[in-house]
Every structure is written in C-alpha cells, then in structure tokens.
Asks: 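Would you mind keeping the following structure in view while I ask a few things?
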Amino acid sequence: MIASAGRLAMFAAVWLLGGIVSGGEPAGGQPLMPPDVSLIGVNLAGAEFGKLPGLANRDYAYPGPQQFEYCQAKGLTLIRLPFKWERLQPKLKDALDEAELKRLDASVKLASQRGLKILLDVHNYARYRDQLIGTPEVPNEAFADFWQRLAAHYQDETAIVGLGLMNEPHDTGGRWPAAAQAAIDAIRTVDRRHAIFVCGDGWSGAHSWKKINGNLLLNDPADNLVYEAHQYFDRDHSGTYKESYDDSGAHPRIGVERLRPFAEWLKEHHARGFIGEFGVPDDDPRWLELLDHFLAAMKAEQIGGTYWAAGGWWGKYPLSVEPRDGRDRPQMEVLSFYAGSRQKPKDAKPSYLDAAAKMKNAPRRAAERKVLPAGAGKTVYDLGRHVESYHYSNDGSEYRSESVEDGGRQARKIIYKHRGQIAWVGVGLYFGSLDCNGYTAFKLALRADKPCKLEVKAYHSDKAMYRAVFPIGDQWQELAIGFDELKGGDGSFDPTRKVLKVELQPSPDHQGSRLYLGEFKLAAP
C-alpha cells in the first residue's frame, strides 16, 4: 500500500538521525527502515553491455575496485548496478546461473567493503530475449519467479538498498502494472526487508509520469515501495543528445520543469520517489548549469537519484563521469557537491557557471550550420565549425585538433603522428541516433597533407560496425562513402537502422601528417 503521511514523517525522522539502517528483523518479518531516497549516486554500467549471451570481460563487465573507490572518494554512496536478466537466468523459471551470480555477488561485496549501497537494476525494458513480459512467451509468473529467486539470494544482504524491478518498461500495451505487482508479491514471500523500486511505463519519464503512469499505484505488503522515474534534457527526452544545447531548446530550468509532474504525483499519493537515470553531455558548460538547477530541485523535493553513467567501458561517451587520464569529467563538479563531498566556492561562481554565462552571449552554434540545396546532401556535422565529438589513439601516438582556414574554407585540422608498431589515431563523430533512411551514402569534404588511406567505420545503435578504406589525396575532395561499400560481419551497412557514431582513422604515419576535414553529409539518392 502507499505510505501514509504520518508514516512518511516517521521515516524522515529516521533518515535525519542515521540514514540507511542496517540489521532489522529476519527476512520473513518486518522490513528494514526505508532507505534514504534523497541520496545522490551514480549508475556503474557495464554488466548490461553486449549481445547475448556474451563473454564476461570481453563483451560485458561488472565494475571493479577502481570504480567503487572513485565513487567512494566523490561521496557517491549509492550505486545503481545494471545487469541483464538473461545472463542471470538463461532459461525462464530455471535456477540462476551460478557463475553470473558470483560476478554480481563480487560487485555487491566491493560496495559493502567501502560502505556503499547497491540498487539492483534489471536492465531489460520489460522484455526477456526481446519478448514482452505479460505475453505467453514471458508470462508474469516467469518474471515473478526470477525475482523470488534473486530476492531470496539477497534477503539478508544489508549492502543492498533496493531491488529495481525493471529498467524503463516501454510499449507494454498496459501490461506493466500487473507484471510489477506479480514481482512484488513474489519478492515479499521471501524478503520483507528491502525496498522495491518500480519504474514506470513509457520509458519511465518524469515529464510524462502523470500522463502515462498516473494510475501506477501498487500494493506492497511490506509498505516499502519507491517509484522510479528517469529524466534527460534533450528535445526528445531520450538522452542521446543528437542536437546541441541551442538546437535542443534547452534552458537552465528545463530540468526543473520536467521534474515537476513526477514530484507533484508523489505528493498527491504520499509516495516516495527516485530518479534512476539523468545525465548531460560534456560539450557545453550550459548543460552543467542545467544539471545544477535540476539537482537543486531534486534536493528541495527530497528526491534522490543516480547519474547516468560511470563505468570503465564507456570510452569517450559524452555523458560518462568515468575519469579520463586521471582527470574528473566536468559533470563531476556538480554531482559531488550535491552528493555532499564538496562545497561550492564562497566568493566565486563554480567554473561551469562562468563558462555558461559566456556561452549565453556567444552566437548560436546552430546558426553556423549550413543546409545544402536539395540533391546535394544534408550536412549532419560541420567539422570546420565544430570540434570532433571525441578522438582516440594508442599510447604514445600524438594527436591535436584545431580550427583553421584552408583553401578558402573553414576546416578542422587534425595533426597526428603514429608511434609504436601497432599504432592508431582516429576522429569520432557521435550522433546517438542518426536517421539515414532515404540516403545512399555519406559524403565528407577533406584533404591530406600527403596522400594516405582513410578507414571509415560506421556503427549502428546496437554497436554493430561497418568499415571501408578510401584513398585520400592532397587536394580538397568530397569523398563519397557509399553505404553498400561499408561492410561488416552481417553484410553491408543498413540505412534503415540508426547510426550511433562514425569514426575516421588515417593510415599510420610515423613521420607525422595532417588531415583537413570539412562538412560531413548524408548524400541524397
């Protein structure tokens, strides 16, 4: 049942006195006191990566000591830990896989040793092997069976703060509430001590909670439910951030506005809430100002959350707060303050607020983008006017990027030098979800200081990679990269599937060279 206002007041007093309370009655008895849902933490991603079944530490990985120690140092005491249902239970209604369970146990132990708390997260979108829960292929009884087994395994584990039933259910046709209730009922037959976190349907958006999940009122015999919403700040709320801050229509308080429907619903129903995912890219300081306002609003509403995301396998993912080259990511300055480990300067604004103020007075980036005439193609990334999304190289190889004018056009000059017998340098363009449907090729304006070869790698959203190699001369050219020329393990590049990113990798040059890059376009048929 939903907690009463009086009981909520009692919970608040417990939080103020000591936060999360360990110990308590046996698993079959009274629940532990509810967790402090106002904590700020982070998702440690990696165990949900890769295609099924996947090989541990090659296709996916659980976080290791380094990740937990970094979170501890930054005051991020709550860890949401995503993993795949199918790996823990390869066959419905069968025993949990012992090897996978040991990997999950190891992460829980690492957190416990450092005084951190774990929120388990079944990262499956209300599906099992792409089949929807609540259908004959995956009946609610199978979902309940899985949770009964997992809850029984962890019923006495005090490092676990909550059981996250399912990440971002969507397009369930109204099946999700019954599935969630079946899992809650099954859990409470073996575990009355842990909180149960329930995401909403429709990707669990805070902004759309009243519209889609207004009637998601579930019954918990232990009276220890937490409703979990997610929220991103790009135009479509997806967290892919395909557009710039300006093109997304973002502003400093857009997160506050998007949080409000969820916060109001919680108050109306005397319920506890949590934001399991939120995050911003690192390419514009105004996103950090927005994040600051969002976290302040969460704090005012006594709603906690876990940032998306950290973890050792993200590479140059723009939302990642995993340190790079031993340095904190820009988002961490905001997060660590609201997690309680740092203080804002008394006599000066944080650096990201100063940078954001300067950006407000700068020309809009969108105004600099060109839209070419019909038939010529559609510019999707102008490297002459925008820095590359990311770059990569092996240890020792040199890389530098700068904006220059070359041959009467604005260009991005990539200065590189390969070192080592196995050496690489590359430029990445991150799109998140680029629609190529209706086009037949990419086109890239470029030239090299001296002739070389350029490997082009295009990745679909499922991270499947397609590649081709092209000769590049020392004169400006518009290189046509036909989709049928890009080959991968399952054939040619498919323009009907969304593109995650494109990488450009020149052939090794141990003396060093320069590559000049201009507009990257989708070519019309």
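Remember, it's a predicted structure, so these values are computed and weren't measured experimentally.
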Asks: Out of Gln67, Arg329, Gln66, which residue meets the side-chain hydrogen bond (donor to acceptor under 3.5 Å, both in side chains) rule with Glu322?
Replies: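 The passing option is Gln67.
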Asks: Does the side chain of Asp220 come within less than 4.5 Å of Arg188's, by heavy atoms?
Replies: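 They are in side-chain contact.
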Asks: Checking Phe262 against His207 for the ring pair (Phe, Tyr, Trp, His ring centres under 6.0 Å) test, could you report, in this order, the C-alpha distance in whole Å, the side-chain angles of both residues, the deciding distance, and whether it holds?
Replies: CA-CA 7 Å; Phe262 181 56; His207 68 282; over 10 Å; no
Asks: Using the side-chain contact (heavy atoms from CB on, under 4.5 Å) definition, which of the options Arg129, Glu168, Glu86 pairs with Asn124?
Replies: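 The passing option is Glu86.
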Asks: Taking the six-membered ring for Trp and the single ring otherwise, decide whether the centroids of Tyr245 and Trp287 are under 6.0 Å apart.
Replies: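 Ring centres of Trp287 and Tyr245 closer than 6.0 Å.
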Asks: What I want to check is whether the side chains of Asn167 and Glu228 have a donor and an acceptor closer together than 3.5 Å.
Replies: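 Looking only at side-chain atoms, Glu228 and Asn167 do not form any donor-acceptor pair under 3.5 Å.
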Asks: Which residue in the set Glu243, His237, Lys242 passes side-chain hydrogen bond (donor to acceptor under 3.5 Å, both in side chains) when paired with Thr240?
Replies: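 Among Glu243, His237, Lys242, the one meeting side-chain hydrogen bond (donor to acceptor under 3.5 Å, both in side chains) with Thr240 is Lys242.
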Asks: Does the structure place the NZ or CZ of Arg272 under 6.0 Å from the centre of the six-membered ring of Tyr227, at an angle of no more than 45° from the ring's axis?
Replies: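 No, Arg272 and Tyr227 do not form such a contact.
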Asks: Do Gln331 and Tyr307 have side chains that get closer than 4.5 Å, going by heavy atoms?
Replies: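 Touching, per the 4.5 Å side-chain cut-off.
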Asks: With a 3.5 Å distance limit and no angle check, can you tell me whether Arg467 reaches the backbone of Leu486 through a side-chain donor-acceptor pair?
Replies: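 Between the backbone of Leu486 and the side chain of Arg467 there is no qualifying donor-acceptor contact (under 3.5 Å).
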Asks: Do Ser492 and Lys487 meet the criterion of a side-chain donor-acceptor pair at a distance under 3.5 Å?
Replies: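 A donor-acceptor contact under 3.5 Å links the two side chains.
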Asks: Pairing donors with acceptors under 3.5 angstrom, does anything connect the side chains of Tyr125 and Asp171?
Replies: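 Result is no, nothing qualifies.
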Asks: Please tell me if the side chains of Ile118 and Val161 come closer than 4.5 Å, counting only heavy atoms from C-beta onward.
Replies: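 They are not in contact (no side-chain heavy atoms under 4.5 Å apart), so the answer is no.
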Asks: Angle class for the Tyr392/Tyr390 ring planes (parallel below 30°, perpendicular above 60°, tilted otherwise)?
Replies: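 The arrangement is tilted - the two ring planes meet at 30° to 60°.
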Asks: Could you give me the CA-CA distance, side-chain angles and deciding distance for Arg286 and Asp246, then say whether salt bridge (charged side-chain N to carboxylate O under 4.0 Å, His left out) is met?
Replies: CA-CA 10 Å; Arg286 290 176 294 177; Asp246 291 308; 3.1 Å; yes
Asks: Between Tyr232 and Phe278, is the ring centroid distance below 6.0 Å?
Replies: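 They do not qualify: ring centres at least 6.0 Å apart.
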Asks: Would Asp191 and Gln148 count as having a side-chain donor-acceptor pair, cut-off 3.5 Å?
Replies: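 Short answer, no.
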Asks: Can you see whether Asp292 engages Tyr338 through a side-chain donor-acceptor pair at a distance of less than 3.5 angstrom?
Replies: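 Judged by distance alone, the side chains do pair up.
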Asks: Checking ring pair (Phe, Tyr, Trp, His ring centres under 6.0 Å) against His123, which of Trp85, Phe49, Trp308 comes through?
Replies: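 The passing option is Trp308.
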Asks: Within the 4.5 Å heavy-atom criterion, are Leu165 and Ile187 side-chain neighbours or not?
Replies: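 SC-SC contact between Leu165 and Ile187 confirmed.
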Asks: Using a distance-only test with no angle check, is there a side-chain donor-acceptor pair under 3.5 angstrom linking Asn224 and Arg193?
Replies: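 Side-chain D/A pair, Asn224 to Arg193: absent.
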Asks: In terms of ring plane angle, is the pair His269 and Trp265 parallel, tilted or perpendicular, where the classes change at 30° and 60°?
Replies: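 Because their plane-to-plane angle lies in the 30° to 60° range, the rings of His269 and Trp265 count as tilted.
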Asks: Is the centre of the Phe197 ring less than 6.0 Å from the centre of the Phe274 ring?
Replies: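 Phe197 vs Phe274: aromatic centres under 6.0 Å.
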Asks: Does the side chain of Arg260 reach to within under 4.5 Å of the side chain of Val256, using non-hydrogen atoms?
Replies: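 Yes, their side chains come closer than 4.5 Å.
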Asks: For a quick check under 3.5 Å, do Asp234 and Ser238 share a side-chain donor-acceptor pair by atom type?
Replies: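 Yes, because at least one side-chain N or O of Asp234 sits under 3.5 Å from a partner of the opposite role on Ser238.
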Asks: For Tyr430 and Glu388, test the side chains for any donor-to-acceptor distance below 3.5 angstrom and give the result as yes or no.
Replies: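 No - no donor-acceptor pair under 3.5 Å links their side chains.
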